[in-house]
Each structure stands twice: as structure tokens, then as C-alpha cells.
Asker: 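The structure follows.
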Amino acid sequence: MNDEEDLAVLRTRDFWSAIALLLGSIFFLWKTSSIPLFGENRAGVSGADWYNSAALVPLGIFGGMFILAACLLIISIRAGGASTALSKVGIGWSGPEALRFTTIIVVLAGYIIGLVPRVDFILCSALLITALIFGYRGGHAPRMVLAAISVSIPACFAFFVNLPREKWNATNDDWLTLAVWAVFTLFVLTQSKNDRTTKLIPVLSVLAPTILVCAMAFGFRQNVPNRGGLIFSQIEYQYYVTIKPLWSR
Amino acid sequence: MDFIFMQLAGFGGAMVDLVVDPLTYVYLISSVFLGIAFGALPGLTATLAVTILTGFFSNKIPLDYSLIALLGAYVGAIYGGSYPSILLNIPGTAASAATAMDGYPLAKAGRGGEALGLTTTASFIGTVIGTFALLIFVWVLLLVSKNIASPEKALLALFGILLSGTLMSEDLVIKGWIAGLVGLAMAMVGLDPLLSEPRYTFGWSYLMSGFQVVPVLMGAFAVPQIIEGLRHVQAGQLTEFSDRIIPRMSAIKKYLPTIGRSGLIGTGVGALPGVGEDVAGWVSYGVGKTVSKNGKKFGKGSLEGLLSSETANNACIGGALIPLLVLGIPGSPPAAALMGAFKINNVIPGPTIDPEIILRVVAILVLASLTMFIMGLFTARIFIKILRIPQTVFLPIVMVLTTIGSFSVGGGINDLYLMLGVGFVAYFMNLLKYPIAPLVIGVILGGLFDETFRRSLLISDGDMSVFISRPGAAILVTLNVALILSQLPATKRTFKWMKGRLV
């Protein structure tokens, strides 16, 4: 694309972002209206004056955002953003790029929302690292889809089967993640006969999160996600029962 | 003159304290190494290095050590960006974009070693210039800042957000301002600071305490970088070189005026709130091209051009810490991450900051730049090897680092959801060419702005003249208004017309 085309795409995107910002600022202006501005009574207690109201600054912020979004909308319409707003070219996102982005979103959302709260951190991070390195090296679309599927299967299982917080310590999702990671890793290794980097994936995927989580838990003595996870609980047990007494005596 | 000696004496004391502590070296060497590695890897930035280390160190070790780790990584990463710029023609960080203009042609001409050696020396001298400016000017500003009350603080915060929005916008200035407003809006979430009125919590108790700084920083800087970087990139051809890296004294002497000038420019640009090392590098490069006798050679492998940008981006570090430490307004995106670390440690940067902390920061910066200098000259070949690691290999590990770092600061899964949400928003903002720095600065300064703006009105019983009746506030109001007016099309047209008439 040349500069003119890039600018046309940008103005089309500006058109949509200006509309989103306008709607957002209207919504939040409406939400702000529920915060007392002129010293209304709350539960029989008189509120503050207008100049001290909690609504004052937000009103200025969302009012300002509304005005700036309107200006942006005018700029984009003048530059032809509205006329190309619904065309594929206008939005400027190609199919492969949309696939790449969507699969990354699935992987990251599956990892953060489904896996990290419920599955052993070492296991889910190993799966994430394997999926991302294998999926996005070389830019092969089928690999990206495979990466997204491999993360989303245990993520969906963990999310739907162990949704409430009291079930987060269950280990059924840990076993499933381990199985998916093992199968996926074997598949990766069969695909990497001549690729040194891909051969390193299994080592890297286990070593990196193990070092990190141990440093955080035992070095910095910080909380780490899912302490009761399949592998970490064993490491923690061995650390306190077998290793730490060596220098604590 | 007395105050300079007083500052130097204080600096000497802080330096001795650091030098005699063996743990200083552990943190210093590891953080500078990590910083250079981060800077050298295209796709990782100085801001990301400081942000990730904020998650790791800020609340887990004493403040002194966490400052060593964060400042060491900051100094190292800004310098490290020069490696891929020179050897691959890919800027490792935005701050090194101007470096590639002359660095790569030099490397192609077989002078890569010379370019790296002089860059290392210039970065070291640049950091020291910025650091000593911090030592001297901070004291003067601290005197002035004693007269800073709520109206000035509110206007300064607003000025920082507006200026950052204006100068960091790649496309329309309006987008920078919108980004700043989005940041301010995010800072409004939670209980308001004066009346404890809940705002935009949607009944979710987690939001009562507002958005936490570290997940926002991680989301804004790390997640978009990971999404953007996970794509197939043809590995750049590393330019081989056989000349020596350690520079000759005669070359350093020859380019000392350029280094000195660029150091001062970098410090000055860094002192502007919200303006980062990339702007410093380009401004210095532009000035160098204009004033140099060999300006025409810039962009074709000029050592002067290379040193103009590289000295300035490192000098910017000291400059960026001036508004952070004195006014509580971050001078650059990595400084915003540093501010997050200060806040986590219950240190409020600004007029009330303990001057001892400033002296320690200066001493740490000098030690960090010295470590960077030694590592740059004697272990450069290790960092060159790091350049060969593809970004699809290290970015997944960065994601794991970001996750555990973000989780450990607040200790809650909700912080991770926040990080992911902010990350997706920031990715789309990048795509739409909205700058991220004003958003982060808005989040950090939003609470301060809200509190001091309303406190000013409370003191004056709602009289808006409180913002113009005090000299400092009047100047700041003028600056804010002038900044907004200067960006209006009508004003621009008027200036153009006046310029035409004058010509």
C-alpha cells in the first residue's frame, strides 16, 4: 500500500473509532449523571457542593472526549472515511491478518481467563509457549489454528467444568492440560526434523515457567497462581519438606 | 555555588553507600545485562523492560535495590537498542530509530565495531550529562516546587497529559489528547479520593480500589507488543565486522562537541513531561544535521549523525527523571513505569520527596551507565549473539513473565483480566495510531489531577479564579491554553499567514 492508501484506511478506521468513542462518552456521561453533582442528599446526609462533587472531573473528561470524538468524526468524514467505512479495503484488514489476530486472542484469552486461575501454572505456561512458538513461526495459517485449538480445549474444559472459585483447585483440568501439551509436543517434534529452534520448544516451555514460578514463590516469597496445581504443589512440598530443612537446621 | 557542592557531597555519600554494598553489584550487573538484552531484541522496548521488572522487583525487595534493578534496566535497554539498529538496520527500541539511519551504513562499510564502540562511549557520556543535570536542576526545581500547591499540581498534571498527547502523536494531535482522556477516565474508576463516592464500579468490588498501575502498564506496553510481534519476520542479515570495538581517544576527542551538544538536547527534551527517548533522538539528529558542517553526510554513514541520536536518547533518561522526581510527572514512558514502582513502595514523587532518594537515584544512574559502558565495550559480542534469537521464541516467554509479574504485585486473578483488557484496547489504539504513553500518564496522574483540582475549588469555595490568581498557576493556565490553541487549525493558518507576510 502507498501512503495515500494507508491514510485512507486510517481515516476509515478513525471513522469507526470516533463513533465508538462518541457512544462510549455518551454512555459514561449517562453513568456520571448518577453521581450527585449539586449536593443531593444521600441517605439523609447532604452531599458536597458542585465544585467538590465526585462527578465534576468525570463530566469534564467525558464531555471533552465527546467533543474530541466529534472533531475526529468530522475529520474522518471530510477525508472520505465514511464512504469507505463498510468496504473490506476501507477497513484495511486482510484475511491472514484477521486469522493471525483472532487465533492470538483465542490463545491469550484461553490462557488468562481459562487456564491460569484453574490449572497448574507450569503446565499451562508450557502449553502457551509451545502453542505460540510453533503456531507463529513461519506464518503458517494451519499452525495458528492448531495452536488456538490446543489451548482452547483445556481452557474451555477448565472454565466450564471448574467455573466457581471453590473448584479452582481441582486437578482434572491439570491432567487434561498435561495430556494436550504432551500430544502437541510430540506432534511439534515430528514436524521439526530440520529445525533446531522447534526442537528446543519442549525444554524451553517447561524450564522458563518453572524457573519463574520458583523464583517468585521461593525467592521473592510472593503469591503465585494456583499453588495447588499438579506440578507446583509437588515442588512446593519437596521444597519445604526436603530441600529447605537442609539450610534451616 | 554552595548548593552545587552540597549536592555533590550528598551524591558522594550516596555513591559510597552503594559501592560498599556487594548486593549492589548483583542487581546492577544483572539488570544492566537484562536491559541491554531487552533493548537489543527487536520487539522488546525499554518501557517493557522497566515495566516487567517493576512487576518483579518493585514490592519484593527494598526500594534501593529495586531502584538499582529498574534504573539499570532502563539505562541498559536504551543503549541496547543501538545493536540491531547498527547491525540489522532494525531499531531495537523506538529511541534508536534515528541510530539506524547512519549506524547501518557504517556497519555495511565494515565499520560496525567502530560504530558500536563510539555509540557505547557516547551513550555513557550522554547518561552522565543527563544525570548531572538531574543532580543540579532537581535542587533548583525543588526550591521552586515549595510554592506548588493544589492549583499548580492540577494544572501541571493536565499540562503533562496534554504535552505528551501533542508530542507523542504519530497522526493527529487530537488522538494523543483522546488517549490522555481515556487514561484520565480509567483513573476515575473506584472510590473518589475526597468523598469516597464509588464511580464506574458496576457493582464489582475489585474496582472499588481503582485500576492498579502495574497491570495497566503491563497491558498497555507488553500485550500489544506480544500480539504485534507474533508474526513471521524474515530474519535480518546480521552485518559482520572485524574492526575493534574499543574506540580510539582521538575519535572520542573529535566528536566530543557533538556528544556534549546532543547530551544537552537529550536532557532538555527528556525534561518535557511525557516526551520520550525517541523524540530526543530525532530532535538531536535534526539539530545535528542542521548545525554540522557535514550535515549532508547524515543518513549516509555519518558518525556525527549516529552519535547525535545515541547520546541524546541516553541523556534523556536523566532529563526524564527531573519532572518525575520533582513534580511527580513522568518525563517518558519508562519513567511512567518507574513512577509505578515508586507508588508501590509508598514513595510519592513530587515536591515532598525525600532529597536523599534523588541523590541515590543519581548515584545509581552513574553506576548503571558505568556498568553499561564496561559491558558494552567488553561483552558486545554476547549481545550480538542475542540478536539472532527470533522474536517468536522470546515473546511467548515475555507473556509468561508479564502474567506472573502482574499477578504477584496485586496477588489477584482480576489484575490479569485487567491486564488483558487494557492490552487489547492498547493494541487497537496502536493500530489506529493513538499513542499509548498519554494513556498511561493519564492513568498515573488522573488521581492527582482529580484530587488537586477539586481541592483547589474547595479551598476557594468554587471560585475558578484560584487557577489564575497565583503566579505559578497563571503561567501554567497560559501554557495549557497556548498548547491547545496552537494545535487548532485556525491558529495554524494564522501563523502560516503571518510567516508568509514576514517573509
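Order of the sequence lines sets the chain letters (A, B, ...), proteins ahead of strands, with each chain counted from 1. Values below: every heavy atom of this structure, side chains too, minus hydrogens, waters and symmetry copies.
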Asker: Please say which of B/Asp461, B/Leu457, B/Leu195 ends up in a side chain to side chain contact (heavy atoms under 4.5 Å, CB included) with A/Asn52.
Answerer: B/Leu195
Asker: I'd like to know which of A/Ala69, A/Ala208, A/Pro225 tops the heavy-atom pair count under 4.5 Å against chain B.
Answerer: A/Pro225
Asker: Nearest 0.5 Å please: distance from the CG atom of B/Asp192 over to the CD1 atom of A/Ile35.
Answerer: 8.0 Å
Asker: Can you tell me which portion of A/Phe28 sits under 4.5 Å from chain B's heavy atoms? Options are side chain, backbone, both or neither.
Answerer: both
Asker: Chain B heavy atoms under 4.5 Å from A/Thr32: which part of the residue, side chain, backbone, both or neither?
Answerer: both
Asker: Determine whether B/Leu395 and A/Leu132 make a side-chain contact, defined as any pair of heavy atoms from C-beta on separated by less than 4.5 Å.
Answerer: no
Asker: Please classify the contact between A/Leu108 and chain B as side chain, backbone, both or neither, with a heavy-atom cut-off of under 4.5 Å.
Answerer: both
Asker: I want to check something: taking the side chain as every heavy atom from C-beta on, are A/Pro36 and B/Glu197 in contact at a cut-off of under 4.5 Å?
Answerer: yes
Asker: If you measure only the distance, is there a donor-acceptor pair under 3.5 Å linking the side chains of A/Tyr51 and B/Asp463?
Answerer: no
Asker: Taking side chain as everything from C-beta outward and backbone as N, CA, C, O, which of these in A/Ile61 sits under 4.5 Å from a heavy atom of chain B? Side chain, backbone, both or neither.
Answerer: both
Asker: After noting the C-alpha distance and the side-chain angles of B/Phe453 and A/Leu56, does the key distance pass the side chain to side chain contact (heavy atoms under 4.5 Å, CB included) rule?
Answerer: CA-CA 10 Å; B/Phe453 182 78; A/Leu56 185 66; 3.8 Å; yes
Asker: Spell out the residues in residues 19-27 of chain A that have some non-hydrogen atom less than 4.5 Å away from a non-hydrogen atom of chain B, in order of number; otherwise answer 'none'.
Answerer: A/Leu21, A/Phe27
Asker: Can the ring centroids of B/Tyr427 and A/Phe101 be said to lie less than 6.0 angstrom from one another?
Answerer: yes
Asker: Measuring only between side-chain heavy atoms, which start at C-beta, is B/Asp171 closer than 4.5 Å to A/Arg11?
Answerer: yes
Asker: Counting only heavy atoms closer than 4.5 Å, note whether A/Leu204 contacts chain B via side chain, backbone, both or neither.
Answerer: side chain
Asker: Could you have a look at B/Tyr417, B/Trp177, B/Tyr434, B/Tyr200 and say which one has the most heavy-atom pairs with chain A under 4.5 angstrom?
Answerer: B/Tyr200
Asker: Please state whether the side chain, the backbone, both or neither of A/Val213 comes within less than 4.5 Å of a heavy atom of chain B.
Answerer: both
Asker: Does any backbone or side-chain atom of A/Met65 lie under 4.5 Å from a heavy atom of chain B? Answer side chain, backbone, both or neither.
Answerer: both
Asker: Kindly state each residue pair satisfying salt bridge (Lys or Arg N to Asp or Glu O under 4.0 Å) with at least one member in residues 117-143 of chain A, sequence neighbours excluded.
Answerer: A/Arg137-A/Asp195
